[in-house]
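These numbers come from the heavy atoms of this one structure, side chains and all, not from hydrogens, waters or symmetry mates. Here, residue 1 is the first one in the sequence, and each next residue gets the next number. Since this is a predicted model, take the numbers as computed values, not measurements.
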Amino acid sequence: MRFFHLSDLHIGKQLHHYNLREDQEYILGEVISYAKKLHPDAVVIAGDIYDKSVPSGEAVTVFDDFLTRLSEIEPAIPILIISGNHDSAQRLDYASRLLGSHHIYIAGKVPETEDEHLRKITLQDEYGNVHFWLLPFLKPGYVRGLCGGELPESYTDAVRTVLEREQIDPAERNVLVSHQFYTGKNTGTGETVTPETCDSEVLSVGGIDNVDITVLKDFDYAALGHLHGAQKVGNEHIRYCGTLLKYSVSESGQEKSLHMVELGDKGAPVRVEKLPLHPLRDVRKLRGELSVIINAAEPEHREDYVSVTLTDEIDPYKPKEQLEKVYSHILEVRMDNERTRQKLEFDEEELRMEDPVQMFSDFFREMQGRGMSEEETKFTEQVFDKAKGDAR
């Protein structure tokens, strides 16, 4: 069985101040072209369809057009969709029954009561059944009703609670579609694996939203969404496919692709083919002196989104205006020279001189949602005082 694994479309997103509708329509059109050419057995979209929980009318139109064109391919290709942390579960669930009759299967909400279960879509190939389990993005509070009203202690416990309720037959092939931040250990080497992240992702401070990959033991493939860089997590069959487009400057060095997953018989290694994508515009970082960057501008790259770092020791006159003569989509212009480096060192020195108790207090407030009590503050002061004494 072959299926496309997509995620994090973020339809409606802007890159700095640029509207990406044209770029998104173009890349989604390439996905449709691949679908027509290769005709996969399914298309899986692992969350973050939209960039906002209340998408604009323009964003809805883009996704509607994408689904319409995919569903028009004959014979019909099942489309499996879950909600991500950027999506509104209720909005995605709307008309899901009607769409199911058109081979479009949507799971917006995670099970919240004892009589609710994950949506399971079963497809067949020459080896038998493949069960796709659709697990939308969740927080521990979402599944309190499955735990007797108690809040699960962690995201791992919350996901495990949902999965263990399902009668997953390990003798058959099972695929999980999920949108969470998975970490864990490589089952072969024992090495702890923490996926690489990008500036455009929203992750919690301190890793409190991590889900351990041990909960995925019953699945032959985990089609993951949430992270924008394509990567495996510990094992070949646990994968983030990444975004179709680059959504931040930090992604400029990534190679985006469309993942086509092939499942053979039960127990056979999963094969993942990365189909090349050709975006309307690339996202690039340029560094050097202003005159060198301008003179090196190539015609085929002048429409790209560019982040520019200038190294001129003497700040050039109106650098952005000069750059705009050769680049039409400038994201930012930064200076990196002796003067700016000295200022940065000074700022870092100022930061190091901040009161450590106050810094911890700010961190405590961010993590707990409240300020420290007088007793907690005194205890913290004692800890730092002791640390200072030990340092002497």
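- Comment: Glu262 engages Arg271 in a salt bridge, judged by a side-chain N to carboxylate O separation of less than 4.0 angstrom.
- Nearest heavy atom pair, residue Glu196 against residue Leu227, reads O-CD1, 3.9 Å.
- Counting only residues at least two apart or on different chains, the ring-ring contact (aromatic ring centres under 6.0 Å, His included) pairs with a member in residues 283-310 are Tyr18-Tyr305, Tyr305-His329.
- Taking both residues in full, the closest heavy atoms of Val283 and Ser252 are given as O-CB, 3.4 Å, listed atom of the first, atom of the second, then distance.
- Shown are His179, His10, His226; of these, the ring-ring contact (aromatic ring centres under 6.0 Å, His included) with His86 is made only by His10.
- Residue pairs meeting the ring-ring contact (aromatic ring centres under 6.0 Å, His included) criterion with at least one partner in residues 32-59, sequence neighbours excluded, are Tyr50-Phe63.
- For Lys109 and Glu116, the salt-bridge test fails: no basic side-chain N is under 4.0 Å from an acidic carboxylate O.
- Between His259 and His5, the two ring planes are perpendicular [angle over 60°; tilted spans 30° to 60°].
- A salt bridge links Arg173 to Asp125: at least one charged side-chain nitrogen sits closer than 4.0 Å to a carboxylate oxygen.
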### Task
Determine, step by step, whether Glu376 and Lys378 satisfy the salt bridge (charged side-chain N to carboxylate O under 4.0 Å, His left out) criterion, reporting the C-alpha distance in whole Å, the side-chain angles of both residues, the deciding distance to 0.1 Å, and the verdict.
CA-CA 5 Å; Glu376 291 167 336; Lys378 287 182 179 179; over 6 Å; no

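- With 3.5 Å as the limit, one finds no donor-acceptor pair spanning the side chains of Glu289 and Thr311.
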Please tabulate, for side-chain N and O atoms in residues 68-75, each donor-acceptor pair with protein atoms closer than 3.5 Å (sequence neighbours left out).
unit_1: Thr68; atom_1: OG1; unit_2: Asp64; atom_2: O; d: 2.7
unit_1: Ser71; atom_1: OG; unit_2: Leu67; atom_2: O; d: 3.0
unit_1: Ser71; atom_1: OG; unit_2: Thr68; atom_2: O; d: 2.9

